Amino acid sequence: MGGGMFLLARSRAQFASEFPVLEYSMLSCLYVEFITQAKQETVQKVCKIVKNQLALPDDSTVTGESTFAALGADSLDTVEIVMGLEEEFGISVGEDSAQSISTVQDAADLIEEIISKQNP
């Protein structure tokens with residue numbers, strides 16, 4: 001994805017310093033667009049991991065709003081999903097954080113948060 005270099009920018013100001021020739025309004029739109037794109041990619045990866053972990057059919061629908069419980073996950077499944085996420089994203093999810101995850105979007109948001117703290 002072409003957005004990789006933009007993910008290094010952690011703030012609009014840092015983004016602007018990397019691309020000084022762009023107007024502020026254009027920078028704002030681009031910055032938001034690439035942050036959103038990163039989230040969508042993370043959500044898609046989480047959906048794939050959840051589908052694989054729960055052995056869901058390929059045609060089953062898993063979205064950011066999908067809850068693990070509604071997909072048939074029990075507490076052991078959720079632990080295994082978190083372990084799969086840790087492996088895929090190269091992160092470590094604390095027990096308290098893992099217990100707060102109930103949807104695919106929750107997981108994606110937590111992953112983004114952990115990654116942003118690892119790479120300030």
Side-chain angles (χ1 to χ4, degrees):
M1 170 186 357
M5 71 178 118
F6 297 108
L7 297 178
L8 298 175
R10 295 292 173 215
S11 70
R12 193 172 279 130
Q14 183 179 358
F15 190 86
S17 70
E18 292 175 18
F19 299 93
V21 296
L22 298 176
E23 294 179 24
Y24 184 78
S25 60
M26 181 182 258
L27 277 172
S28 296
C29 291
L30 286 172
Y31 181 72
V32 170
E33 179 182 332
F34 284 104
I35 294 302
T36 302
Q37 195 170 33
K39 289 271 188 198
Q40 290 172 352
E41 182 180 348
T42 302
V43 170
Q44 289 172 352
K45 284 183 179 181
V46 173
C47 288
K48 182 179 176 185
I49 290 167
V50 169
K51 278 181 145 181
N52 288 340
Q53 202 64 50
L54 298 177
L56 298 174
D58 289 336
D59 63 347
S60 61
T61 302
V62 178
T63 67
E65 294 78 31
S66 299
T67 65
F68 295 158
L71 296 171
D74 59 20
S75 58
L76 180 58
D77 290 323
T78 302
V79 169
E80 291 175 351
I81 289 168
V82 170
M83 290 171 58
L85 297 173
E86 288 177 326
E87 184 176 328
E88 173 69 25
F89 291 96
I91 59 171
S92 179
V93 178
E95 189 175 332
D96 291 342
S97 296
Q99 291 177 357
S100 71
I101 300 171
S102 63
T103 68
V104 169
Q105 187 66 54
D106 290 343
D109 290 342
L110 179 62
I111 290 164
E112 293 284 333
E113 180 182 331
I114 291 169
I115 291 172
S116 71
K117 287 179 181 177
Q118 287 178 348
N119 304 313

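Only a predicted model underlies this, so the values are computations on that prediction, with no experimental measurement involved.
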Which is it for I91 and I115 under the side-chain contact (heavy atoms from CB on, under 4.5 Å) test, yes or no, and what are the steps along the way? CA-CA 7 Å; I91 59 171; I115 291 172; 3.9 Å; yes
When every non-hydrogen atom of G84 is compared with those of I49, the smallest separation belongs to O-CD1, 4.1 Å
Find out whether T63 and V104 are in side-chain contact, i.e. whether some heavy atom of one side chain is under 4.5 Å from a heavy atom of the other. no
Is a side-chain donor-acceptor pair under 3.5 Å present for T103 with Q105? no
Do you know the tightest heavy-atom contact between L71 and T61? CD2-O, 4.3 Å
Please lay out, stage by stage, how F68 and D77 fare under the test side-chain contact (heavy atoms from CB on, under 4.5 Å). CA-CA 9 Å; F68 295 158; D77 290 323; over 6 Å; no
Distance-minimising heavy-atom pair for S97 and L110: CB-CD2, 3.8 Å
For D106 and S100, work out which heavy atoms get closest and say how close. OD2-O, 3.9 Å
Taking the side chain as every heavy atom from C-beta outward, state whether K48 and Q44 have any pair of such atoms under 4.5 Å apart. no
Counting distance only, does the side-chain N/O of K51 pair as donor-acceptor with the main-chain N or O of D58 below 3.5 Å? yes
Cluster question for you: counting only ILVMFWY and a side-chain heavy-atom cut-off of under 4.5 Å, with indirect links fine, are V43 and L56 together? yes
Checking I81 against L54 for the side-chain contact (heavy atoms from CB on, under 4.5 Å) test, could you report, in this order, the C-alpha distance in whole Å, the side-chain angles of both residues, the deciding distance, and whether it holds? CA-CA 8 Å; I81 289 168; L54 298 177; 4.3 Å; yes
All heavy atoms of S92 vs all of I114, minimum pair found to be O-CD1, 3.9 Å
For T78 and A73, which heavy atoms make the closest approach, and how far apart are they? OG1-CB, 4.2 Å
What's the verdict on side-chain contact (heavy atoms from CB on, under 4.5 Å) for K39 and D109, showing C-alpha distance, side-chain angles and the deciding distance? CA-CA 8 Å; K39 289 271 188 198; D109 290 342; 3.4 Å; yes
